[in-house]
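Note sheet for the following structure.
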Amino acid sequence: MPDTQAQAKEMNEANVSVCPAGEVFPLPTEAEYEKEFVRLKELVAAQREMGREIVVVMGVGFVGAVMAGVVADSTDKKTGEPNKFVIGMQRPSVRSYWKIPYLNRGVAPVEAEDPEVAPLIERCVKEKKTLIATYTYDALTLADVVVVDVQCDYDKESFGDCRNGKADIAALESSLGVIGEKVSPDCMVLIETTVPPGTTEHVAYPIMKKAFEKRGLKDAEPQLAHSFERVMPGRDYVASIRDFWRVCSGVNDTARAKVEAFLSDVLNVDKFPLTVLDKPIESETCKIVENSFRATILAFLDEWSVFAERNGVDLIKVINAIKVRPTHNNLIFPGPGIGGYCLPKDGGLGVWAYHTLMGFEDDIFKITPMAIDINDTRSLRVARLVRDGLRNVGKIVAASRIAILGASYREDVGDTRYSGSEIVVRKLAEMGGDMVIHDPYVSHWWELEKQDTYPAPGHSRARFFRNQEEVKDLRMHKDLQTALKGADAVVLAVRHQAYMELTPDQVVEMVGGPTVVVDCFGMLDDDKIARYFELGCEVKGLGRGHIKRIKTRVLEK
């Protein structure tokens with residue numbers, strides 16, 4: 001298990017961590033660990049004198065950084081005074097260490113469209129002084145509460161086959177081992193990460209219990225709890241943590257009471273009451289079923305997209321007609337693929353847990369893995385539409401310049417995780433296309449630029465396609481006109497407001513002439529489609545089978 005010496009050994013030969021803006025931070029030396037722990041003990045002693053609870057948040061990434069801020073910003077509901085002191089803890093790796101000095105400066109280590117994120121972090125660090133960051137695991141010895149936000153992924157070993165994969169819980173297991181070695185027996189450990197159902201009881205509890213026994217704490221029971229996050233990127237990022245419904249549970253009555261009290265302290269439970277379940281496996285299953293339901297509805301509409309394209313139906317109009325009925329108003333057009341960190345993988349965690357943690361050999365899951373496979377491969381149809389559109393004007397993908405408008409997985413956010421646009425780019429690259437990419441919310445598309453190492457060595461989706469070496473040289477264009485200039489095809493991949501407002505005349509002017517336009521997200525109404533044809537363009541669209549009628553009508557004028 002990691003200790004001070006092991007932490008030091010984890011340092012890369014370069015001994016530095018470089019933040020996205022390019023600033024270089026030397027990694028801590030072994031000699032600095034003791035000094036850091038002395039600093040923490042002095043700060044914690046002063047905070048305890050003020051009656052504040054000490055909370056360590058392990059992992060200050062996409063969820064953990066803002067969760068740390070929300071906890072640090074909370075106040076006693078009677079006195080209005082801060083009653084929590086938060087230590088954000090991040091392993092000092094080459095990839096992530098820079099987040100620690102960033103947080104200690106009062107700078108959010110995550111990019112966010114929510115204008116509340118930056119002031120939240122700055123306020124807690126500089127004004128309230130209720131938030132700091134550290135790299136030493138010894139911080140755990142000081143904690144009353146530990147919130148675990150360590151990443152748990154699902155590794156798909158082949159493209160479009162969810163069953164051929166496994167949950168990657170090694171980092172979580174390692175972190176739990178360290179927690180068991182460090183925390184006091186009374187410390188409540190809250191797993192906030194989305195995990196395979198059964199993880200808290202079948203994995204976390206035994207690890208911590210054994211660690212306690214090695215310390216001579218044979219009668220001590222780990223105070224383990226689970227409460228999954230429902231974080232939504234975008235302008236309501238903070239609210240999706242603080243002002244939203246939560247589900248929680250604990251491994252025993254004490255843990256259940258502690259997690260309920262803690263969440264009631266830091267979240268807006270008056271307007272968004274907690275749901276307290278009996279066992280952690282119920283809380284864990286809740287998150288998996290919740291996201292699998294959403295993924296399944298989106299996958300269901302994929303087959304109807306194909307039906308619509310082949311039979312002259314505009315699926316957008318069909319969906320809007322159905323949504324008039326209140327019981328069906330949650331239908332969503334699936335676009336070029338289902339991205340974000342949760343929907344593309346969470347169902348796989350459930351399938352894996354059933355076979356691996358629970359040990360069942362029968363195959364009860366049919367719909368859940370199938371939905372993931374459909375959603376993962378939907379983007380391939382976009383590449384085919386680009387191919388067909390170019391063929392209709394006498395061109396081929398391998399000799400064309402293709403502008404991809406939108407890299408993120410959903411509208412008006414900069415989150416590129418599991419973006420459908422990534423598969424569009426990779427498939428077109430496999431076919432020999434020359435691409436340019438624009439997204440007003442994305443400065444760096446790390447899944448492409450750092451595909452050799454991101455999200456981890458050997459885990460890039462580049463491995464599923466040929467001809468990917470040059471993809472890592474693609475960069476985001478800041479200027480839309482420059483990106484569109486000379487494009488043989490324009491792919492409207494994401495419903496960003498900036499793209500929704502584009503007129504056909506503007507696009508054709510920026511391109512410099514007629515082009516092939518592929519609508520992935522139902523962004524074009526009939527008038528815009530008609531206008532593109534009037535300007536000499538070719539138009540294709542997912543689920544937009546009526547485009548042929550519009551083209552015929554325009555050409556017959």
Side-chain angles (χ1 to χ4, degrees), residues 57-67 95-96 99 109-114 117 147-156 162 165-172 191-197 199 226-234 236-238 240-241 244 284 286-296 298-299 332 334-352 368 371-373 375-376 378-379 406-423 439 441-442 444-448 450-451 454-456 459-461 494:
V57 177
M58 286 194 74
V60 289
F62 188 79
V63 175
V66 179
M67 180 62 176
R95 178 178 165 186
S96 300
K99 296 176 184 179
V110 292
E111 292 186 11
E113 291 74 35
D114 187 345
V117 171
V147 180
V148 182
D149 280 312
V150 176
Q151 185 167 295
C152 174
D153 214 334
Y154 186 79
D155 293 336
K156 300 169 186 174
C162 169
K166 61 182 183 300
D168 182 2
I169 62 173
L172 180 63
I191 298 175
E192 194 172 41
T193 306
T194 299
V195 294
T199 296
H226 180 263
S227 178
F228 61 88
E229 46 79 18
R230 282 170 166 152
V231 171
M232 283 297 294
D236 296 322
Y237 186 4
V238 173
S240 69
I241 292 179
F244 213 65
E284 295 160 341
C286 184
K287 178 62 179 290
I288 303 303
V289 172
E290 180 176 303
N291 284 338
S292 296
F293 166 76
R294 195 70 158 173
T296 301
L298 291 162
I332 298 178
I338 313 307
Y341 190 61
C342 296
L343 268 60
K345 69 171 178 63
D346 282 3
L349 296 176
V351 176
W352 180 86
T368 298
I372 293 174
D373 294 345
N375 291 332
D376 280 355
R378 177 174 170 81
S379 304
S408 65
Y409 84 90
R410 67 186 293 260
E411 64 270 19
D412 300 323
V413 304
D415 192 344
T416 58
R417 293 176 299 174
Y418 294 105
S419 164
S421 297
E422 181 186 349
I423 298 302
D439 191 305
Y441 297 94
V442 179
H444 293 277
W445 198 347
W446 299 122
E447 285 86 352
L448 305 188
K450 295 187 176 182
Q451 65 182 21
Y454 187 89
H459 286 255
S460 168
R461 292 196 285 184
V494 184

Kindly indicate whether the side chain of [X], heavy atoms from C-beta on, has any atom under 4.5 Å from the side chain of [Y].
X	Y	answer
V351	C162	no
P455	R417	no
D155	H459	yes
I169	V195	no
E229	T194	yes
V413	Y441	no
L448	E422	yes
P196	W352	yes

Within the distance-only criterion (no hydrogens, no angle test), does the side chain of [X] pair as donor or acceptor with the backbone N or O of [Y] below 3.5 angstrom?
X	Y	result
T193	V148	yes
R378	G420	no
S419	G339	no
E113	G414	yes
N291	C342	no
D149	V57	no
T368	G347	no

### Query
Relative to the ring of Y341, is the ring of Y418 parallel (under 30°), tilted (30 to 60°) or perpendicular (over 60°)?
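It falls in the tilted class, 30° to 60°.
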
### Task
Determine the interplanar angle of the W446 and H444 rings, folded into 0 to 90°, and report it as parallel if under 30°, tilted if 30 to 60°, perpendicular if over 60°.
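It falls in the parallel class, under 30°.
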
### Task
Inspect the surroundings of CZ in R294 and state if more than 12 heavy atoms from other residues, nucleotides or ligands are less than 6.0 Å away.
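Check fails, neighbour count at 12 or below.
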
### Query
Crowded around E111 CD? As in, over 12 foreign heavy atoms under 6.0 Å?
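Open.
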
### Minimal non-hydrogen separation, P197 against L349, with atom names
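Residues P197 and L349, closest heavy atoms: CD-O, 3.9 Å.
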
### Task
Before giving the answer on side-chain contact (heavy atoms from CB on, under 4.5 Å), spell out for D153 and K345 the whole-Å C-alpha distance, their side-chain angles and the decisive distance to 0.1 Å.
CA-CA 8 Å; D153 214 334; K345 69 171 178 63; 3.5 Å; yes

### Query
Would K156 count as a cation-pi partner of Y154, with NZ or CZ less than 6.0 Å from the six-membered ring centre and within 45° of the ring normal?
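Cation-pi check for K156 and Y154: fails.
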
### Query
What's the verdict on side-chain contact (heavy atoms from CB on, under 4.5 Å) for F228 and E290, showing C-alpha distance, side-chain angles and the deciding distance?
CA-CA 11 Å; F228 61 88; E290 180 176 303; 4.1 Å; yes

### Message
For Y454 and E447: C-alpha separation, side-chain torsions, deciding distance, then whether side-chain contact (heavy atoms from CB on, under 4.5 Å) applies.
### Response
CA-CA 6 Å; Y454 187 89; E447 285 86 352; 3.7 Å; yes

